[in-house]
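Numbers for residues simply follow the sequence, beginning at 1. None of these values were measured; they are calculated from a predicted model.
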Amino acid sequence: RPAQSREQPVRQLHLAGGNFNVRRHLSRVDAQKERKMLKTAGLCFAYPSHFHLDGVNLRVREGDRILLRGKNGAGKSTLLRLLGGALSPFEGSVTRSSCTTAAFIGHSPSVYPCLSVRENLEFWNRLENCFHKHKDNTADPGLAEAADMLGLTGSLDEKASSLSRGMLQRLDLSRVLHSKAGLLLLDEPENSIERKYLEAFCREIIKRRHSAVVWASNVLEPDFSPAGFPLFTHLIEIKEKAIGLFTGEIKPLRGDEAC
């Protein structure tokens, strides 16, 4: 029996320094079979002038597609870097399950300018195969499919240094789309690309039922629905009186508290 999508009312969590609006968009009802992929406990991070994140507790489960919204400087990028291991917390911890790997898209595309589009994709594919101890380093036909889906087929032999900003972003999306990572950490990936390519990327993300996504954006709406299917299952909206201050606790967005 197909799961039915339903939306629950906004639930406000009143915290020091502001409030979080938390809304759930549930597209699945079989919560007991979900696998926890990541959790944070008392996560804190500070810059020299101010606390940026303070006491963040968050759980991400298999199948979650979380939209993280907030104004510039509210801590979205910092939180993603902490979740991915690019930053170390001052206090608290980030724990990923032993079988969970992460792929990250930041504000600057992770490409090598001296390599062609094809060579960049093949490099990341070989690197991932080494990480997963796969011995087969032959060309993967899935690379061409990911490139074609994002309109890069005619540019496979072009150097990345010659690409426009939008094409570089599509190359980065192709890298993540082909990745075997179970956790996708995406920092405003919608920037600089055409709507049709964004929707193609989103449709593929929706198909990855055994992955989880944390998508930071201050542009996309929670009900963004490429191909008529809701992209996001959860919303965390950070609203603070003082930009750059993130205090209190982000509670699990689902009703079940069990790990």
Side-chain angles (χ1 to χ4, degrees), residues 65 67-68 72 76-77 80-81 83-86 101-132 134-221 224-229 231-232:
R65 298 189 299 273
L67 174 60
L68 176 62
N72 292 335
K76 303 188 302 296
S77 298
L80 287 181
R81 291 188 180 104
L83 297 182
T101 56
F104 179 78
I105 284 184
H107 290 165
S108 298
S110 299
V111 301
Y112 288 91
C114 60
L115 300 181
S116 68
V117 169
R118 189 194 312 274
E119 289 167 339
N120 267 285
L121 292 174
E122 289 176 349
F123 167 78
W124 285 107
N125 182 59
R126 289 196 299 270
L127 187 65
E128 189 170 50
N129 285 342
C130 289
F131 180 81
H132 291 286
H134 295 164
K135 295 182 180 180
D136 184 8
N137 282 324
T138 58
D140 187 337
L143 293 173
E145 292 176 12
D148 182 61
M149 193 175 301
L150 292 171
L152 293 172
T153 300
S155 305
L156 287 174
D157 295 318
E158 292 186 27
K159 297 290 185 184
S161 58
S162 69
L163 300 182
S164 67
R165 179 65 179 83
M167 293 181 73
L168 285 172
Q169 187 73 343
R170 281 189 271 146
L171 175 54
D172 218 18
L173 294 181
S174 297
R175 169 183 65 83
V176 168
L177 204 57
H178 184 264
S179 170
K180 302 176 183 67
L183 177 63
L184 307 184
L185 304 173
L186 311 177
D187 197 354
E188 300 182 344
E190 70 277 8
N191 287 346
S192 304
I193 65 171
E194 298 174 48
R195 175 87 175 198
K196 64 179 180 179
Y197 296 124
L198 176 62
E199 291 188 348
F201 177 75
C202 292
R203 286 194 294 270
E204 290 304 307
I205 292 298
I206 290 171
K207 293 178 184 177
R208 299 174 67 148
R209 299 183 182 276
H210 300 293
S211 299
V213 179
V214 183
W215 185 314
S217 176
N218 56 12
V219 176
L220 295 184
E221 295 297 327
F224 180 57
S225 303
F229 192 88
L231 173 60
F232 300 110

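At most 12 heavy atoms of other shown residues, nucleotides or ligands fall within 6.0 angstrom of atom NE2 in His210.
From Ile193, atom CD1 reaches atom OG of Ser164 across 11.5 Å, with rounding to the nearest 0.5 Å. Separating the CG atom in Leu80 from the NZ atom in Lys76 is a distance of 9.0 Å, to the nearest 0.5 Å. The distance from atom CG of Leu177 to atom CG of Leu150, rounded to the nearest 0.5 Å, is 6.0 Å. The CZ atom of Arg195 sits 6.5 Å away from the CG atom of Leu198 when rounded to the nearest 0.5 Å. One finds the CG atom of Leu173 at 11.5 Å from the CE atom of Met149 (value rounded to the nearest 0.5 Å). Expressed to the nearest 0.5 Å, how far OG of Ser155 lies from CG of Leu171 amounts to 10.0 Å.
Contact detail for Glu190 and Ser217: the closest heavy-atom pair is OE2-OG, 2.6 Å. Here the closest non-hydrogen pair linking Pro109 and Gln169 is CG-OE1, 4.1 Å. Looking at every heavy atom in both residues, Ser211 comes nearest to Ala181 through OG-O, 3.8 Å. Counting all heavy atoms, side chain and backbone alike, Leu231 lies closest to Cys202 at CD2-SG, 3.6 Å.
Taking 4.5 Å as the limit, some side-chain heavy atom of Glu199 sits within range of a side-chain heavy atom of Phe224. Between Glu188 and Leu220, every side-chain heavy-atom pair lies at or beyond the 4.5 Å cut-off. Residues Leu121 and Ser174 are in side-chain contact: their nearest non-hydrogen atoms beyond the backbone lie under 4.5 Å apart. Proximity of Glu122 to Leu143: side-chain heavy atoms (C-beta onward) are separated by under 4.5 Å at one or more points. With a 4.5 Å cut-off on side-chain heavy atoms, Val176 and Pro189 do not count as touching.
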*I would like to know whether His178 and Asn125 meet side-chain contact (heavy atoms from CB on, under 4.5 Å); could you show each step before the answer?*
CA-CA 8 Å; His178 184 264; Asn125 182 59; 3.1 Å; yes
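Listed by first and then second residue, the salt bridge (Lys or Arg N to Asp or Glu O under 4.0 Å) pairs involving residues 150-177 are Arg118-Asp157, Asp172-Arg175 (not counting sequence neighbours).
For Glu204, the salt bridge (charged side-chain N to carboxylate O under 4.0 Å, His left out) partners are Lys207, not counting sequence neighbours.
Looking at Arg65, its side chain never comes within 3.5 Å of a backbone N or O of Trp215 through a donor-acceptor pair. Of the possible polar contacts, one joining the Asn120 side chain to the Tyr112 backbone as a donor-acceptor pair under 3.5 Å is found.
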